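Report on the structure given below.
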Amino acid sequence: MLFILCSIRISRSICLLSSKLSIPTRCRCLSNKSLPSRAILPSLITSPDQQKATQCPSTINDDTQKDIYVNNEQEWRYMKLDTDKLQKHCFMLSKIRLTSLVVVTTMAGYLLAPGPFDISTFIASSVGTGLVSATANAVNQFFEVPFDAQMSRTKNRVLVKGHLTPGHAVIFATVSGFSGLLLLYSQVNGLTATLGLTNLILYTLIYTPMKRISILNTWVGSVVGAIPPLMGWASCVGDIISPGAWIISGLLYTWQFPHFNALSWNLRPDYSRAGYRMMAVTNPKLCRKTALRYTAALMCLCYLAPAFGVTNWWFAFTSTPLNAYFLYLAWKFHKHSDSRSSRKLFHFSLIHLPVLMILMLLNKKHWYNDNKQKSTIPHEEKEKRNDIYAIVTRVIASTSSSV
């Protein structure tokens, strides 16, 4: 527990370091009602701006004083929690759309695993994974408030707008994180809970601060997105040693590169202004090449799925047109590298993933049927009994004829 708290504090310090260096500190002149009159030593004042800010209010004319009071009223306001919109703000804090996608991929991993379907385990793994994902997203927003305020895409988030305070985010993340991990450990299994905790640490303490350090953050973030299918698989069969588990995880891993690289291409001014080290900003050529390469790798993984017995060969046949068009859009993005081609690639990626998951489920090779296996056991025993009966009758017939 102490390790997690210390890691969070260190990561927050790393994230806020650049903002402290780039955003100058502003001193505000407060009225006599807010602060008692005190004499300030001139030696403690280090800059001309601070000297102006610490002048006695009596030396400032009435018009300037009124302007200062008006500005203070506009910049500082009392924050009151709106309980009527609390549920909506919590959903926004959890990034409900991203969390829903994580839950869907977890469900797909569970359903594709060659194990018995148990409704209670299925619901527990889905809800637990959703709670852990909501925790990771809340902690991510807690760290990135000063940077989200500089980006058009994120400037309306609840912590930036002040609908919730950082303290509310910490409480929400603590409750959802502990309840999600406890649900996974008690109602599913320890392996799934371990994968969830690993993903939480990877996203909050490694990926989040790395976004301002190196472009390797994209690869780390793709690992984060590839773990939920493993959690679903582990929830069903209790292990992840099967090649099928890693094929599904690999599909999610490769899919994220054309998806995110196309998204980040049109957000380059925002990422650059906020100081994020993204491929689209620091190395645009690598951004386009990576999207194309991993789209081709995704197509190859779809042919490995039937080879390792996860699906039948109809999946490879039906997914080929889908993946071919996805690859064509990635090639167009690599060739033209404009906002239109990147937008088409991003929008199709949102369609590609759910359609691919549906095709995998429709063409799953091994469906576990507990009732069928139980019914085959007595049938096999009956066949064995009939064979034994035939042998016994033959022996009796031969002995009676010889007598």
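Side-chain atoms are counted along with the backbone in the values below, which use heavy atoms only and exclude waters and symmetry mates. What you are looking at is a predicted structure, and each value in this text was computed from that prediction instead of being measured. Along the sequence shown, residues carry numbers from 1.
Using bins of under 30°, 30° to 60° and over 60° for the plane-to-plane angle, the ring pair His89/His163 lands in the parallel bin.
Pro114 has its side chain within reach of Trp233: a pair of non-hydrogen atoms, C-beta onward, lies under 4.5 Å apart. Side chains of Trp265 and Pro284 form a contact here, defined as non-hydrogen atoms less than 4.5 Å apart. In this structure, Met299 and Thr295 have side chains that are not in contact, with every pair of non-hydrogen atoms separated by 4.5 Å or more. Taking the side chain as every heavy atom from C-beta outward, Thr106 and Leu230 never approach each other to under 4.5 Å. No side-chain heavy atom of Tyr207 sits under 4.5 Å from any side-chain heavy atom of Trp219. Side chains of Phe143 and Pro209 form no contact here, defined as non-hydrogen atoms less than 4.5 Å apart. Side-chain contact check for Tyr276 versus Val281: every heavy-atom pair is 4.5 Å or farther apart. Between Leu251 and Leu298 the shortest side-chain heavy-atom distance falls below 4.5 Å.
Side chain of Lys364 to backbone of Leu111: a donor-acceptor contact under 3.5 angstrom is found. One N or O on the side chain of Gln141 and one on the backbone of Leu93 form a donor-acceptor pair closer than 3.5 Å. Under the 3.5 Å distance criterion, the side-chain polar atoms of Ser126 are left unmatched by any main-chain donor or acceptor of Val103. Arg212 places a side-chain N or O within 3.5 Å of a backbone atom of Ala274 that can act as its donor or acceptor partner. Side-chain atoms of Thr165 come within 3.5 Å of backbone atoms of His168 as a donor-acceptor pair (strictly under, hydrogens ignored). Side chain of Ser133 to main chain of Val102: no donor-acceptor pair is present (N/O by atom type, distance under 3.5 Å, no hydrogens or angles).
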**Message:** Run the side chain to side chain contact (heavy atoms under 4.5 Å, CB included) test on Thr99 and Phe91 for me, step by step, so that the C-alpha distance in whole Å, both residues' side-chain angles and the decisive distance to 0.1 Å come before the verdict.
**Reply:** CA-CA 9 Å; Thr99 298; Phe91 281 148; over 6 Å; no
**Request:** Please report the C-alpha distance between Phe260 and Met278 in whole Å, then the side-chain angles of each, then the deciding distance to 0.1 Å, and finally whether the side chain to side chain contact (heavy atoms under 4.5 Å, CB included) criterion is met.
**Result:** CA-CA 10 Å; Phe260 180 74; Met278 299 298 177; 3.9 Å; yes
**Asked** Passes side chain to side chain contact (heavy atoms under 4.5 Å, CB included), Leu164 versus Met92? Steps please.
**Response** CA-CA 10 Å; Leu164 296 176; Met92 294 174 66; over 6 Å; no
For residues 345-358, dump all side-chain donor-acceptor pairs below 3.5 Å to protein atoms at least two apart in sequence or in another chain.
| residue | atom | partner | partner atom | Å |
| --- | --- | --- | --- | --- |
| His347 | ND1 | Arg343 | O | 3.4 |
| Ser349 | OG | His259 | ND1 | 2.9 |
| Ser349 | OG | Phe346 | O | 2.5 |
| His352 | NE2 | Asn323 | OD1 | 2.8 |

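In terms of the ring-ring contact (aromatic ring centres under 6.0 Å, His included) criterion, residue partners of Phe317 (sequence neighbours excluded) are, by chain and number, Trp314.
Rounded to the nearest 0.5 Å, atoms OG (Ser222) and CZ (Phe257) are 3.5 Å apart. Distance OG1/Thr192 to CG/Leu181: 11.5 Å, rounded to 0.5 Å. Atoms CD1 and CH2, on Ile240 and Trp246 in that order, are 4.5 Å from each other to the nearest 0.5 Å. A distance of 11.5 Å separates OG1 in Thr282 from CZ in Arg268, rounded to the nearest 0.5 Å. Taken to the nearest 0.5 Å, the NZ atom of Lys365 stands 8.5 Å off from the OG1 atom of Thr311. Expressed to the nearest 0.5 Å, how far NZ of Lys285 lies from OG of Ser337 amounts to 11.5 Å.
The environment of Arg340 atom CZ is sparse: at most 12 non-hydrogen atoms of other residues, nucleotides or ligands sit within 6.0 angstrom. Within a 6.0 Å radius of CZ in Phe122, more than 12 heavy atoms belonging to other residues, nucleotides or ligands are found. Residue Arg277 qualifies as open at atom CZ: its count of foreign heavy atoms under 6.0 Å is 12 or below. Open room surrounds CD1 on Ile241; 12 or fewer heavy atoms of other groups in view lie less than 6.0 Å from it.
Side-chain contact check for Thr208 and Asn140: at least one donor-acceptor pair (N or O, by modelled atom type) lies under 3.5 Å. If you check the side chains of Asn261 and Thr290, you find no donor sitting under 3.5 Å from an acceptor. Under the 3.5 Å distance criterion, with hydrogens and angles disregarded, no donor-acceptor pair is assigned to the side chains of Thr121 and Ser235. Judged by distance alone, the side chains of Tyr303 and Thr320 do bring a donor and an acceptor atom under 3.5 Å apart.
The nearest pair of heavy atoms linking Val223 to Asn199 is O-OD1, 4.4 Å. In terms of heavy atoms, Leu304 sits closest to Ile247 at O-CD1, 3.6 Å. Across all their heavy atoms, Val310 and Met360 have their closest contact at CG1-CE, 4.3 Å. Heavy atoms only, all atoms of each residue included: Leu252 and Pro229 are closest at CG-CG, 3.7 Å. Across all their heavy atoms, Ala138 and Phe172 have their closest contact at CB-CD2, 3.8 Å. Contact record, Ser176 with Thr135: OG-OG1, 2.6 Å, taken as the closest heavy-atom pair.
Salt-bridge check for Arg157 with Asp148: passed, with a basic side-chain N closer than 4.0 Å to an acidic carboxylate O.
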